[in-house]
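Take a look at the structure below.
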Amino acid sequence: MLTTKASSRIKVYYEVTKPKIWYLLVFTAIGAAFTASNLYHIPISPLTWCLVIGGVIAGSASANTLTNYNDRDIDAIMERTKDRPIPSRRIFPAEKALYFGLILAAISLVSAFAINMWAGIFMAFGLADNILIYSKLLKRRSRTNIVLGGFSGGAPAMIGYVAVTSTGLWDLGLVMAGLVFVWIPMHIWSLTLHVKEDYNKVNVPMLTAVESEKTSVRVIAGTTLMMVLFSVLPFFMTDTSGKHLFHEIYLYTAIVSGAIMIALSVWLLVKPSEKASWTLFKFSSPYLAILFIALMIDSVH
Ligand code: HEM
Ligand SMILES: CC(C)=CCC/C(C)=C/CC/C(C)=C/COP(=O)(O)OP(=O)(O)O
């Protein structure tokens with residue numbers, strides 16, 4: 001039986017990993033693995049499932065913990081982040097989070113390389129791109145920070161896919177990872193428009209925090225349209241025999257859910273408001289999950 005102190009320690013270290021975020025990251029890895037397994041009729045062993053799910057949890061949790069450690073100064077100032085475990089000193093000294101994040105990174109790399117070399121490479125890339133390129137290098141310097149820093153978002157899908165097969169890794173696998181990558185700008189820029197004062201307080205040049213509202217809503221609408229157009233790409237992909245990989249289930253889901261996202265972005269474009277930007281942001285995660293659910297369901301045939 002865990003003492004109250006022990007359970008609260010576990011809870012605070014769980015919180016510092018930003019679980020809401022890695023739930024979706026892990027789901028994209030599961031979706032890519034399950035879809036590849038069905039399309040190529042390759043079973044996934046329980047050990048492989050454990051290594052994929054455990055590895056991507058550890059990797060995403062590590063990245064989130066280490067970026068929280070890196071951002072502890074600005075997180076203490078922003079309203080949205082000031083109550084997080086490190087700025088609120090519920091993890092103190094902060095180096096405890098640093099060591100926790102590094103241990104998680106090691107676990108994630110061992111798990112990924114135990115799957116195969118490519119899974120290990122994608123894990124290492126995801127960690128490096130999110131922690132070093134995005135958080136350390138670009139976040140506080142460039143308004144395009146989430147573009148070069150966004151590739152890491154596709155890493156879990158690539159890990160899930162390559163855990164099953166390398167057949168189609170650089171077309172279908174890349175398209176699945178691309179669904180996440182092209183989703184990021186709309187996802188984060190709708191949020192940062194909503195909390196732009198926070199970002200300007202700490203001089204983080206998120207594009208929709210430094211551009212005018214008029215430009216920001218246009219950029220968000222444009223990236224939403226780009227994401228929806230990209231999302232129908234899987235329907236047009238075929239295997240070597242020319243057979244479509246996906247069918248109406250995926251197409252109609254992508255069209256209907258995409259139409260909702262476009263409608264929300266037009267609402268923001270026509271009538272910019274905190275409510276509209278927040279609504280678009282809150283719809284963004286379920287939307288991405290729905291696309292991966294549709295890929296999985298459509299691949300069962
Ligand atoms: C450079 C890329 C990204 C940036 C800068 C970013 C940034 C953010 C920020 C600032 C939040 C709000 C967190 C909070 O206030 O607690 C957030 C929430 C979230 N992010 Fe991202 N994100 C990125 C990529 C991703 C990716 C790749 C995924 C998963 C595939 C993801 C999933 C989520 C989820 C599920 C939430 C919670 C949404 C909600 O509360 O409804 N993010 N993100
Ligand atoms: C395989 C692997 C390791 C992949 C890692 C992918 C990963 C963790 C993506 C998450 C990106 C993300 C939520 C960044 C948060 O930005 P932020 O730190 O600016 O958000 P904040 O302002 O809320 O702290």
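As the structure lists them, so they are numbered: ligands from 1, and atoms in each ligand from 1.
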Should K139 be counted as touching ligand 2, given the test is an N or O pair under 3.5 Å?
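So ligand 2 has an N or O lying under 3.5 Å from an N or O of K139.
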Of the side chain and backbone of [X], name the one, both, or neither that has a heavy atom under 4.0 Å from an atom of ligand 2.
X    : result
N64  : side chain
R140 : neither
N130 : side chain
F125 : neither
Y134 : side chain
L25  : side chain

I'd like to know whether ligand 1 has [X] as a neighbour, heavy-atom separation below 4.0 Å.
X    : result
M78  : no
Y199 : yes
F281 : yes
W183 : yes

What residue and atom, counting heavy atoms only, is the protein's closest point to [atom], and at what distance?
atom                    : answer
atom 23 (O) of ligand 2 : R84 NH2, 2.6 Å
atom 13 (C) of ligand 1 : R80 NH1, 3.6 Å
atom 1 (C) of ligand 1  : G149 O, 3.7 Å
atom 4 (C) of ligand 2  : S152 O, 3.6 Å

When only distance counts, is K20 in polar contact with ligand 1, meaning an N/O pair under 3.5 Å?
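Yes: some nitrogen or oxygen of K20 is under 3.5 Å from one in ligand 1.
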Any N/O pair T28/ligand 1 closer than 3.5 Å
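No, since none of the N or O atoms of T28 sits under 3.5 Å from an N or O of ligand 1.
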Checking contacts here: is it the side chain or the backbone of [X] that comes within 4.0 Å of ligand 1, counting heavy atoms only? Could be both or neither.
X    : value
K18  : neither
N145 : neither
V180 : side chain

Rounded distance [0.5 Å steps], [atom1] in [X] versus [atom2] in [Y]:
X    : Y    : atom1 : atom2 : result
E274 : L193 : CD    : CG    : 8.0 Å
N68  : K18  : CG    : NZ    : 4.5 Å
S108 : L127 : OG    : CG    : 4.5 Å

Between W170 and W118, ring centroids under 6.0 Å:
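Yes, they do, as the ring centres are separated by less than 6.0 Å.
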For residues F100 and Y13, establish whether the separation of their ring centroids is below 6.0 Å.
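Judged by ring-centre distance (under 6.0 Å), F100 and Y13 do meet the cut-off.
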Test item: N200 side-chain N/O and A209 main-chain N/O as donor-acceptor pair under 3.5 Å:
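Indeed, once roles are kept as given, a pair shorter than 3.5 Å links the two residues.
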Short question: side chain of R90, backbone of D83 - any donor-acceptor pair under 3.5 Å?
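It does hold such a pair.
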Is the closest heavy atom of Y199 to ligand 2 under 4.0 Å?
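Heavy atoms of Y199 do come under 4.0 Å of ligand 2.
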Decide side-chain hydrogen bond (donor to acceptor under 3.5 Å, both in side chains) for Y14 and R9; before the verdict, give the C-alpha distance in whole Å, the side-chain angles of both, and the deciding distance to 0.1 Å.
CA-CA 9 Å; Y14 184 77; R9 296 313 295 153; over 6 Å; no
